[in-house]
Amino acid sequence: MNAVIKKEMLSENVVRMVLEAPAIAKKRKAGQFILLKVDEKGEKIPLTIVDSDAQQGTITIIFQVVGKTTTMLADKKKGEFIHDLQGPLGNPTEIEHFGHVVCIGGGVGVGVVYPIAVALKAAGNRVTSIIGARTKELLILEEEMKKVSDHLVVATDDGSYGFHGFVSAVLQDMLDRKEKIDRVYAVGPVPMMRVLCDVTRAHGIKTIVSLNSLMLDASGMCGACRVSVGGKTKFTCVDGPEFDGHEVDFAILANRLRMYSQQERQSLEMYRCACHG
Ligand code: NAD
Ligand code: FES
């Protein structure tokens, strides 16, 4: 059992939660995730570790409330308990001094790219970050990203704040201006990662994406999180979660992510009915 130490809303349906998890806090590295079970019977969901405090014995997660499990998690109050946490899982981000790196986060994906930007900056890279949201109220972690970046560009789809357009247009603009970029990290919705990879492929810039596949047990055995990378089947839980974006089959990933959407909707409706009588 792990206590909820702190909970806050970052936007309408995005929650930042600090959890008691001393063993994980001591070991975790950028790019790794936990598998979390809210109650005894519930499903396990993977969530990136956004931050940790080894002295306090805590980790921070950020999640979007989309289905039954994330709704149950968001309903937890400070002082209440999460049934089970496993981790840290997955391979840490490969961190080196690459030169000029661009870290791109879309929507709630900014929470996933943040620890990567922190580690890249600590390794001496020049970090440009691009963060995007549909509208200003949905933008998260602007201050945090500004602190770890040499330069931060904000973009909104509706133009309510910062650049008017997608994060991919900001990157395209940098490349059109012949900015030298050594590596790109992109985390967000599948269409965003696919478009960004198309942009960087044309310039031969290595691009790392973090994939949020469905997972069951993170054992590398059940196959639930399988993705196709370079024509080969990979398991996101043990081979990832980060992959060379130019090798990822995004169409297969998008199909697999949609596979249980009807069941997820039904499950959420049943949970809401049970809560409200
Ligand atoms: P969103 O749909 O609001 O998009 C966020 C930003 O991504 C946009 O502002 C835009 O800049 C960019 N974007 C979106 N579509 C694009 C396109 N077609 N071309 C170029 N850029 C585009 O994001 P949201 O609702 O916060 O995101 C939720 C999605 O992110 C879910 O699908 C979720 O599964 C995914 N997600 C992924 C990860 C991961 O590890 N990859 C982690 C968390 C969430
Ligand atoms: Fe079972 Fe990855 S979640 S193999």
Side-chain angles (χ1 to χ4, degrees), residues 10-15 30-35 43-50 61-67 70 86 89-91 93 103-116 129-141 153-172 185-200 207-227 233-243 245 248 250 253-254 256-261 264:
L10 293 183
S11 71
E12 195 187 342
N13 63 353
V14 175
V15 182
Q32 291 186 296
F33 64 93
I34 52 165
L35 212 53
E43 62 168 352
K44 294 177 179 177
I45 54 164
L47 289 167
T48 299
I49 305 166
V50 175
I61 52 171
I62 291 178
F63 59 95
Q64 192 171 29
V65 182
V66 278
T70 45
Q86 255 175 277
L89 299 168
N91 299 301
T93 308
C103 295
I104 308 175
V108 70
V110 179
V112 180
V113 92
Y114 170 71
I116 299 174
S129 297
I130 307 169
I131 59 172
R134 269 169 275 147
T135 192
K136 186 180 179 194
E137 285 68 41
L138 298 179
L139 191 73
I140 64 166
L141 302 187
V153 184
V154 175
T156 51
D157 302 6
D158 64 0
S160 52
Y161 189 50
F163 174 85
H164 186 174
F166 286 163
V167 287
S168 50
V170 178
L171 182 71
Q172 183 67 63
Y185 292 79
V187 191
V190 172
M192 178 200 109
M193 295 190 287
R194 181 170 43 205
V195 167
L196 284 167
C197 287
D198 288 343
V199 169
T200 56
T207 300
I208 306 296
V209 294
S210 177
L211 304 184
N212 63 329
S213 320
L214 303 173
M215 284 190 197
L216 268 187
D217 56 4
S219 65
M221 307 287 280
C222 75
C225 65
R226 68 182 175 275
V227 286
T233 297
K234 298 279 176 186
F235 296 149
T236 305
C237 63
V238 291
D239 300 320
E242 292 173 14
F243 294 100
V248 172
F250 287 107
L253 175 66
R256 287 193 60 77
L257 285 172
R258 276 195 295 268
M259 223 167 33
Y260 299 108
S261 42
E264 281 164 12

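For ligands, and for the atoms within them, numbers begin at 1 and follow the listed sequence.
Taking all atoms of both residues into account, the shortest heavy-atom contact from K136 to S160 is N-OG, 2.9 Å. Between C222 and L216 the shortest heavy-atom distance is SG-CB, 3.6 Å. Closest approach of I34 to I61, counting heavy atoms only: CD1-CG2, 3.9 Å. Between L196 and S168, the shortest heavy-atom contact is CD2-CA, 3.6 Å.
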request  = Begin with the C-alpha distance, continue with both residues' side-chain angles, and end with the deciding distance and a verdict on side chain to side chain contact (heavy atoms under 4.5 Å, CB included) for V209 and C197.
outcome  = CA-CA 9 Å; V209 294; C197 287; 3.9 Å; yes
- Message: Would T207 and M193 count as a side chain to side chain contact (heavy atoms under 4.5 Å, CB included) here? Give the steps.
- Response: CA-CA 9 Å; T207 300; M193 295 190 287; over 6 Å; no
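Side chain of T156 to backbone of Y161: a donor-acceptor contact under 3.5 angstrom is found.
Shown here are the side chain to side chain contact (heavy atoms under 4.5 Å, CB included) partners of E242, two or more places apart in sequence or in another chain: T93, I116, I208, S210.
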Taking only distance into account, with no hydrogens and no angle test, what donor-acceptor pairs under 3.5 Å do side-chain atoms of residues 103-115 form with protein atoms, sequence neighbours excluded?
none

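For atom 2 (Fe) of ligand 2, protein N, O or S atoms closer than 2.8 Å were enumerated as C225 SG, C237 SG, with waters left out.
In this structure, ligand 1 sits under 4.0 Å from heavy atoms belonging to Q64, G106, G107, V108, V112, G132, A133, R134, D157, F166, V167, S168, V187, G188, P189, P191, M192, M193, V195, S210, N212.
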